[in-house]
Amino acid sequence: MVRKSSMGCGNYVVVLVLFFFGAMKVRSDSSDHKYKSGEEVPLYANKVGPFHNPSETYRYFDLPFCSPGHVKDKTEALGEVLNGDRLVTAPYKLDFTNDRETEVVCKKTLSKEEVARFRDAVAKDYYFQMFYDDLPIWGFIGKVDKEGKADPSEYKYYLFKHLHFDIHHNKDRVIEVNARTDPNALVDITEDKEIDVDFMYSVKWKETDIPFEKRMEKYSQTSALPHHLEIHWFSIINSCVTVLLLTGFLATILMRVLKNDFVKYAHDEEAADDQEETGWKYIHGDVFRYPKQKSLFAAALGSGTQLFTLAIFIFILALVGVFYPYNRGALFTALVVIYALTSGIAGYTAASFYCQLEGKNWVRNLLLTGGLFCGPLLLTFCFLNSVAIGYHATAALPFGTIVVIFLIWALVTSPLLVLGGIAGKNSKAEFQAPTRTTKYPREIPQLPWYRGALPQMAMAGFLPFSAIYIELYYIFASVWGHRIYTIYSILFIVFIILIIVTAFITVALTYFQLAAEDHEWWWRSFVCGGSTGLFIYGYCLYYYYARSDMSGFMQTSFFFGYMACICYAFFLMLGTVGFRAALFFVRHIYRSIKCE
C-alpha cells in the first residue's frame with residue numbers, strides 16, 4: 001500500500017513538472033521581430049509615478065500629455081497586470097531607421113487644473129516608462145529649480161516638452177533605445193495659469209555591432225559591476241566564515257555533550273538498572289507525545305513544504321535565465337503558476353502527517369491547510385487593492401484579472417490540494433517513534449526565563465538573519481526600488497546558507513530544551529526555525545525609515561502589507577525546515593539509547 005502511494009507521488013511530480021513547463025511560456029527574448037526600413041515599430045507608453053514610491057504608479061495618460069486620436073491598450077499577460085503594467089499606444093512615431101528632426105506631436109493649451117497636476121507631479125519627481133520593441137525607456141517629466149532658494153515657495157517648476165530618442169539597430173533588428181530631454185526646451189508651470197505648450201520629439205538612428213541576442217545585457221551589467229560583485233562576494237564570505245565558526249563551535253560542543261550523554265547513560269544501564277534517569281533520557285516517554293493543536297501544526301508543515309518547493313522552483317528558473325531584466329511579469333506569472341501547481345504537495349504533506357498523529361478530521365485539516373497562507377494573503381490583498389482603487393493607481397487589479405486568479409484557485413489549486421490530501425490520507429504511513437509514549441505526561445520543571453519561547457526565538461532567528469542581512473539590502477532595493485538584481489547564483493548560495501543555519505540552530509536549541517527535561521519541543525522547534533521571518537520584518541522597519549525615501553499612505557501600506565505576507569511565508573517555510581531537522585535529530589538520539 002505504501003509502495004503504491006509512493007508511485008502515485010512520483011507520477012504527481014512528473015505531471016507537475018510537465019504541466020509547469022507547458023504553462024510557463026519562456027521567451028528567449030522579449031521581441032523577435034525583424035523590421036524593414038520605414039516600417040512602424042510599436043512604441044507603448046506604460047506608466048508614470050513618483051520615483052521613490054515604486055508601488056504608486058498611474059496610467060501614462062492620467063497626466064494631460066498629448067494623446068493619440070485612438071488610445072489602444074496592449075494585450076498583457078497575467079504577470080504584467082500583477083506588476084502594474086498598463087501599456088497603451090504612444091503618440092510618437094518612430095519608424096525603423098527614419099530620423100526625425102524636431103517634430104511637433106501636438107499643440108495643447110493646458111488649463112489651470114492641468115498645470116497644477118503637472119506641477120504636483122514634477123514636485124514628486126514623477127518619471128515615465130515606455131517600451132519600444134519591448135525595450136524599456138525611462139525619463140523624468142520635469143525638474144524643480146531649487147538653486148539659491150531656501151524657501152520652498154520660491155522654487156521654480158519646469159515641464160520638459162521635447163523628448164529625443166537615440167535608437168541603435170543592427171541590420172533589421174532594434175538593439176538599444178535611449179530617451180533624453182532637451183534641457184533648453186522647458187515650460188514654466190510654477191503659476192496656476194493657462195499655458196500653450198508645443199510637445200515635440202526627435203529621433204536619431206545609429207548602426208551598432210551588438211548582436212540581437214545580447215541586447216538585454218546592458219540592463220544586467222549594473223548589478224554585475226566589479227565593485228558590486230566585490231560587495232556581494234564579501235557578503236558571502238563574511239556569512240560563510242561567521243556561519244562556519246559558529247556552527248562549528250556549536251557542533252563541537254553538541255557532539256561532545258552528546259557523546260558524554262551516551263557514555264553516561266550506557267554506564268548507568270550497566271551499573272544499576274533501578275537508578276533514576278536524568279536529562280533528556282528522563283523524558284523518553286514524553287518526547288514523542290503528539291503536540292497540541294496537531295491539525296494546525298500539520299497544516300503549517302504542509303504550507304511550509306509547499307512554500308519551500310515554490311522557492312526551489314523559482315531559483316531553478318532564475319538560474320537558467322528566465323528572469324532576465326525587464327522580462328515583464330515573468331516572476332509574478334511564475335509565482336502564481338507554481339504556487340497553484342504545488343498545492344498538491346501541501347495537501348499531501350499536511351494530511352499524511354495529520355493522519356500519522358492519529359488525527360481523525362482530515363477534511364477540516366485540509367481546509368485549514370488551504371487557508372493558512374492564502375487566507376492572510378487574501379485579506380491583505382483586499383485591503384491594499386481597495387487602497388489602490390482609491391488612488392486610481394495601476395496596482396489596482398482589474399475585475400477580469402481577479403476572476404482569472406479566482407478560476408486558477410478554484411480549478412487548479414483547490415482540486416490539487418484535495419487530491420494531495422486524499423493521497424496523504426491513503427498513504428497509511430505510521431509515525432516512527434523509537435520510544436513508547438507514556439499515558440500521562442511528566443510535569444515540566446520550572447525553567448529560567450531565558451529558556452522561554454521568546455528568548456529562544458530571538459537566539460534562533462539572529463544567527464540565520466546575520467548570514468543574509470547584507471544581501472537583503474540589494475533584494476529590497478530591487479523589489480522596492482529601481483535597482484536591477486541579476487546575480488541569482490549568489491542569492492541561491494545565501495539561501496542554502498540560510499537553510500543550513502536554520503536547521504542547525506534549531507537542532508541545538510532543541511537539544512538544550514530536552515536536556516532541561518522540557519518535552520514540548522514540537523511547536524518550539526517550528527517557531528524557533530521560523531523566527532528569522534520576524535527578524536526580516538524588523539529589517540523592513542529599518543529599511544523603510546533609514547534606507548529609502550518612500551512616503552505616503554499607499555506606498556507605506558503596500559510595503560508593510562506585502563512584506564508582512566512575505567515574512568509570514570518565510571516563517572512557515574523556515575519553521576518547517578527547523579522542525580524537520582529537529583525531528584530527525586530527536587529520533588536519532590533516542591534510537592541510540594536503551595529506554596525501558
Side-chain angles (χ1 to χ4, degrees), residues 243 245-292 297 431-464 500-532 574-596:
V243 167
L245 287 176
L246 290 174
T247 53
F249 178 69
L250 285 173
T252 303
I253 294 176
L254 200 58
M255 294 295 287
R256 182 169 295 179
V257 170
L258 273 175
K259 184 178 179 181
N260 293 337
D261 286 347
F262 289 141
V263 171
K264 176 178 177 294
Y265 292 147
H267 180 266
D268 290 346
E269 289 169 6
E270 295 174 0
D273 291 336
D274 59 346
Q275 186 172 347
E276 185 179 358
E277 296 173 344
T278 58
W280 53 267
K281 185 181 178 183
Y282 175 68
I283 57 172
H284 63 82
D286 296 274
V287 73
F288 291 107
R289 189 178 304 282
Y290 299 149
K292 300 173 184 177
F297 190 80
F431 185 77
Q432 302 297 321
T435 61
R436 291 193 301 269
T437 301
T438 57
K439 188 174 182 180
Y440 300 104
R442 293 181 185 269
E443 185 178 354
I444 298 174
Q446 189 71 27
L447 299 174
W449 66 269
Y450 56 83
R451 288 191 180 274
L454 291 178
Q456 296 283 295
M457 288 174 66
M459 285 189 282
F462 177 74
L463 185 58
I500 293 173
V501 178
T502 299
F504 190 88
I505 195 68
T506 307
V507 165
L509 290 174
T510 300
Y511 169 78
F512 295 131
Q513 182 182 356
L514 297 178
E517 300 177 7
D518 181 357
H519 55 79
E520 295 181 346
W521 62 276
W522 298 68
W523 275 110
R524 180 72 64 82
S525 64
F526 189 93
V527 298
C528 283
S531 60
T532 305
L574 296 177
T576 299
V577 170
F579 170 73
R580 290 295 186 184
L583 179 62
F584 176 82
F585 169 76
V586 172
R587 280 175 173 164
H588 174 74
I589 63 172
Y590 280 95
R591 279 197 191 102
S592 304
I593 61 171
K594 179 183 176 182
C595 296
E596 298 299 334

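None of the values given here were measured: they were computed from a predicted structure.
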Next item on the list: Answer whether the closest heavy-atom distance between the side chains of His519 and Ile444 falls below 4.5 Å.
Entry: yes
Note to self: Please give me the minimum heavy-atom distance between Thr506 and Cys528, naming the atom from each residue.
What the structure shows: OG1-C, 4.5 Å
Margin query: Under the side chain to side chain contact (heavy atoms under 4.5 Å, CB included) test against Asp286, which residue among Glu520, Arg442, Glu517 passes?
Written below: Arg442
Note to self: Let me confirm one number: the CH2-CZ distance from Trp522 to Phe579, rounded to the nearest 0.5 Å.
What the structure shows: 5.0 Å
Margin query: Rounded to the nearest 0.5 Å, what separates atom CG in Leu454 from atom CH2 in Trp449?
Written below: 11.0 Å
Margin query: Distance to the ring centre below 6.0 angstrom and angle to the axis at most 45 degrees; does that hold for Arg591 and Phe584?
Written below: no
Notebook entry, point to check: Ignoring hydrogens and geometry, is there a side-chain-to-backbone donor-acceptor pair from Trp523 to Lys292 under 3.5 Å?
Noted result: yes
Notebook entry, point to check: From Leu574 CG over to Thr502 OG1, what is the distance, rounded to the nearest 0.5 angstrom?
Noted result: 4.5 Å
Margin query: Looking at Phe431, I'd like to know if its CZ atom is crowded, meaning that more than 12 non-hydrogen atoms belonging to other residues, nucleotides or ligands lie closer than 6.0 Å.
Written below: yes
Margin query: With heavy-atom distances below 4.5 Å as the criterion, would you say the side chains of Tyr511 and Val507 are in contact?
Written below: no
Check: Taking the side chain from Gln456 and the backbone from Val527, do they hold a donor-acceptor pair closer than 3.5 Å?
Finding: no
Next item on the list: Quick one: pull up CZ in Phe526 and CZ in Arg580 and give me the separation to the nearest 0.5 Å.
Entry: 10.5 Å
Next item on the list: Check whether any side-chain heavy atom of Val586 sits under 4.5 Å from a side-chain heavy atom of Phe288, and report yes or no.
Entry: yes
Checklist line | Pro464 versus Thr532, closest heavy-atom pair with distance | finding: CB-OG1, 3.4 Å
Checklist line | Point-to-point distance, once rounded to the nearest 0.5 Å, from OG of Ser531 to CE of Met459 | finding: 10.0 Å
Notebook entry, point to check: Between the side chains of Arg289 and Thr438, does any donor sit under 3.5 Å from an acceptor?
Noted result: yes
Margin query: Rounded at 0.5 Å granularity, tell me how far OG1 in Thr510 sits from CD1 in Ile505.
Written below: 10.0 Å
Checklist line | CA sep, side-chain torsions, deciding dist, call: Phe512, Arg451, side chain to side chain contact (heavy atoms under 4.5 Å, CB included) | finding: CA-CA 9 Å; Phe512 295 131; Arg451 288 191 180 274; 3.8 Å; yes
Item checked: Over all atoms of both residues, closest heavy-atom pair of Trp521 and Leu514 -> CD1-CD2, 3.9 Å
Checklist line | Side-chain heavy atoms of Arg524 within contact of Leu509, under 4.5 Å | finding: no
